[in-house]
Engineer: 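Take this structure, written in structure tokens, and hold onto it; I'll ask about it next.
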Amino acid sequence: MHPRDDEEPQIPYIPCMNDTDTALLVVDVQNDFCPGGALAVAEGDAVVPVANALIARFPLSILTQDWHPADHASFASQHEGKAPFSTTEMTYGTQVLWPDHCVQGSKGAEFHKDLDTCRAHMIVRKGFRREIDSYSAMFENDHETPTGLDGYLRDLDIRNLVMVGLATDYCVYYSAMDAVRRGYAVTVAEDGCRGIDLDGSLEKALAHMRDLGVTLTTSNRL
Ligand code: VGL
Ligand code: ZN
């Protein structure tokens with residue numbers, strides 16, 4: 001049982017999807033994170049119908065797309081003797097080394113074929129600088145280099161973000177952290193997410209998001 005399960009339940013703030021200051025963020029629903037992909041997340045494709053149902057109902061939907069050059073520094077293949085899922089030190093801190101994934105222009109980098117990309121209003125690509133990884137939709141892993149999403153959202157007076165996608169414990173988690181840091185109210189629909197769960201990273205991410213004030217809910221409550 002999670003230690004917080006005992007505590008008084010707090011009434012979460014759940015934004016109404018008709019609010020014009022609310023946007024949906026669909027994180028990295030790409031072939032490489034789905035079964036059969038290079039960095040497959042268990043049941044990753046199960047988020048597609050959830051994301052589509054939300055895309056159809058939100059006034060503004062933003063997709064992110066992990067978009068790496070073939071020699072990206074987050075790939076274990078670029079570090080001699082390093083295995084995928086080991087770590088290395090980068091200038092900005094510890095970095096997990098991943099299998100090659102979401103290479104620009106590859107099939108693996110394409111959105112899942114059933115994701116309703118047509119209805120989305122904005123696509124944010126990230127991780128395209130060779131030397132730096134970018135889990136978050138807002139800032140790269142140095143926590144400084146912006147993707148431009150924060151400015152876009154501010155221009156449109158968006159204050160609430162609802163997130164779904166892959167992976168719960170990496171790109172969704174980092175996006176949620178940065179969005180909270182930037183002052184957005186963040187809601188994560190857990191049934192619209194799946195995690196990688198490397199060494200307990202999923203539980204840690206969920207607990208930390210709760211501590212930061214992220215509302216964890218399910219899509220049927222939105
Ligand atoms: C992701 C690891 C590496 C993600 C992206 O989308 O969560 N994870 N690149
Ligand atoms: Zn990546």
Side-chain angles (χ1 to χ4, degrees), residues 24-48 50-51 62-79 82-88 90 92-112 115 117 123-143 145 147 149 161 163-179 186 188-190 192-206 208-209 214:
L24 175 70
L25 186 70
V26 179
V27 177
D28 295 2
V29 182
Q30 293 165 262
N31 291 328
D32 271 342
F33 298 122
C34 291
L39 180 40
V41 178
E43 301 178 352
D45 54 344
V47 309
V48 173
V50 180
I62 300 146
L63 311 180
T64 68
Q65 191 173 25
D66 212 34
W67 196 246
H68 300 307
D71 60 351
H72 195 250
S74 77
F75 294 170
S77 61
Q78 299 300 304
H79 302 260
K82 286 280 196 176
F85 306 106
S86 65
T87 60
T88 193
M90 303 284 213
Y92 52 81
T94 305
Q95 168 73 48
V96 178
L97 294 173
W98 303 106
D100 293 16
H101 65 279
C102 296
V103 172
Q104 294 167 5
S106 70
K107 193 82 194 156
E110 288 175 14
F111 292 111
H112 187 286
L115 184 69
T117 59
I123 297 174
V124 179
R125 286 178 170 167
K126 61 186 182 61
F128 50 74
R129 294 183 177 82
R130 199 193 85 82
E131 299 300 334
I132 178 164
D133 204 2
S134 186
Y135 296 150
S136 160
M138 283 189 187
F139 293 93
E140 304 201 356
N141 284 11
D142 60 359
H143 304 293
T145 308
T147 63
L149 178 61
L161 284 174
M163 300 188 184
V164 293
L166 305 169
T168 321
D169 42 349
Y170 285 91
C171 290
V172 175
Y173 171 42
Y174 277 70
S175 298
M177 279 197 288
D178 278 347
V186 179
V188 171
E190 282 194 74
C193 301
R194 291 294 185 280
I196 294 176
D197 204 13
L198 198 58
D199 300 326
S201 58
L202 184 56
E203 260 322 299
K204 268 187 240 164
L206 291 171
H208 191 208
M209 285 195 278
V214 172

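Start at 1 and go down the list; that is how both ligands and their atoms are numbered. As the structure is a prediction and not an experimental result, all values here were calculated from the model.
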Engineer: Quick check for you: within a radius under 2.8 Å, how many protein N, O or S atoms neighbour the Zn ion (ligand 2)?
Structural biologist: 3
Engineer: So which atom in Asp142 and which in Tyr92 form the shortest heavy-atom distance, rounded to 0.1 Å?
Structural biologist: CA-CB, 3.7 Å
Engineer: Which residue in the set Val48, Leu25, Val26, Val172 passes side chain to side chain contact (heavy atoms under 4.5 Å, CB included) when paired with Val164?
Structural biologist: Val26
Engineer: Would you check, one step at a time, whether the test side-chain contact (heavy atoms from CB on, under 4.5 Å) holds for Val29 with Leu63?
Structural biologist: CA-CA 8 Å; Val29 182; Leu63 311 180; over 6 Å; no
Engineer: Can you tell me how the ring of His101 sits relative to the ring of Phe33, calling it parallel under 30°, perpendicular over 60° and tilted otherwise?
Structural biologist: tilted
Engineer: Can you see which heavy atom on Lys82 is nearest to which on Ser86, and at what distance?
Structural biologist: CD-OG, 3.8 Å
Engineer: Can you confirm whether Gln104 sits close enough to Pro69 that some side-chain heavy atom of one is under 4.5 Å from a side-chain heavy atom of the other?
Structural biologist: yes
Engineer: Determine yes or no for a side-chain-to-main-chain donor-acceptor pair under 3.5 angstrom, with Asp66 supplying the side chain and Asp28 the backbone.
Structural biologist: no
Engineer: Using heavy atoms and a cut-off under 4.0 Å, could you grab the residues that are in contact with ligand 1, chain by chain, numbers ascending?
Structural biologist: Asp28, Phe33, Leu39, Asp66, Trp98, His101, Tyr135, Leu166, Ala167, Tyr170, Cys171, Ile196
Engineer: Can we say Lys204 and Asp199 salt-bridge, meaning some charged N sits less than 4.0 Å from an Asp/Glu carboxylate O?
Structural biologist: no
Engineer: Kindly say whether Cys102 contributes a backbone atom to a donor-acceptor pair with the side chain of His68 at under 3.5 angstrom?
Structural biologist: no
